[in-house]
Amino acid sequence: QVQLVESGGGLVQAGGSLRLSCAASGRTFSNNAMAWFRQAPGKERERVAAVSWTGSDTYYTDSVKGRFTISRDNAKHTLYLQMNGLKPEDTAVYYCAASDYAGIDYGFSYWGQGTQVTVSS
């Protein structure tokens, strides 16, 4: 059974940092693109960042460029999202996702349960 389990969320003051982790089990995603999405109350889910299977190709939504960094450790089957300079508008449930494809421009079929990130002003 495929599982993606997020951790690292919490409550932080504006300007602070958090590091999210996503541990994969049940199958390896070492050859697959992975991503972080988020969904705030009353808003649609948005893709925050994505990384190709090699880590050489990345995507960031404009609002997090220069503040967030996505990375992966294929040996540990773990995806990370380093979030610096957090803002109240970053408050959301953050989801880890994995694709059936190596590149970042395709859909994501596997999802974690999410971890809450709350940024206070």
Quick one, [X] and [Y] - any side-chain contact, counting heavy atoms below 4.5 Å?
X	Y	result
R19	L81	no
I104	T58	no
R67	D90	yes
V117	L20	yes
V64	R38	yes
S30	H77	yes

Qualifying residues under side-chain contact (heavy atoms from CB on, under 4.5 Å), relative to K65, sequence neighbours excluded: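 Testing K65 for side-chain contact (heavy atoms from CB on, under 4.5 Å), a comparison that skips the adjacent residues, returns Y60, D62.
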Atom pair CG (L86) and OG (S120), whose distance is rounded to the nearest 0.5 Å: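 Interatomic distance, L86 CG to S120 OG, rounded to 0.5 Å: 10.0 Å.
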Spacing of CG belonging to N74 relative to CG belonging to L79, to within rounding of 0.5 Å: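 Those atoms lie 9.5 Å apart.
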M34 reachable from W111 in the ILVMFWY side-chain graph, under 4.5 Å edges: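 Shared cluster, no.
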Shared hydrophobic cluster, V12 / F68 (ILVMFWY, side-chain heavy atoms < 4.5 Å):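 Result: yes, single cluster for both.
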Donor-acceptor side-chain pairing of R27 and N32 below 3.5 angstrom: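 Present: a donor and an acceptor within the cut-off.
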Would a distance-only check, ignoring hydrogens and angles, find a side-chain to backbone donor-acceptor pair under 3.5 Å from [X] to [Y]?
X	Y	result
T78	K76	yes
S21	Y80	no
T91	T118	no
S52	D57	yes

Give me the atom names and distance for the closest heavy-atom approach of [X] to [Y].
X	Y	answer
R72	V51	NH1-O, 3.6 Å
S121	P88	CB-CG, 3.8 Å
A24	L4	CB-CD2, 3.6 Å
A40	A92	N-CB, 3.8 Å

side-chain contact (heavy atoms from CB on, under 4.5 Å) between Q82 and L18, worked out: CA-CA 6 Å; Q82 179 67 44; L18 284 173; over 6 Å; no
Lys/Arg cation over aromatic W36: R45, 6.0 Å, 45° cone: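 Relative to the ring axis of W36, which defines the angle, R45 lies outside at least one limit.
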Y59 six-ring face occupied by R47 cation (under 6.0 Å, within 45°):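 Yes, a cation-pi geometry.
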Evaluation steps, ring-ring contact (aromatic ring centres under 6.0 Å, His included), between F29 and W53: CA-CA 8 Å; F29 290 105; W53 74 281; over 10 Å; no
Sequence neighbours excluded - disulfide bond (SG atoms under 2.5 Å apart) pairs with any residue from residues 20-121: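 The answer is C22-C96.
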Residue E89 excluded, over 12 heavy atoms near CD under 6.0 Å: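 Yes - once you tally the heavy atoms of other residues, nucleotides and ligands closer than 6.0 Å, there are more than 12.
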With Y106 via ring pair (Phe, Tyr, Trp, His ring centres under 6.0 Å) - residues at least two apart: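 Result, ring pair (Phe, Tyr, Trp, His ring centres under 6.0 Å) vs Y106: Y101.
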Single hit among Y110, F108, Y94 for ring pair (Phe, Tyr, Trp, His ring centres under 6.0 Å) with F37: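 The passing option is F108.
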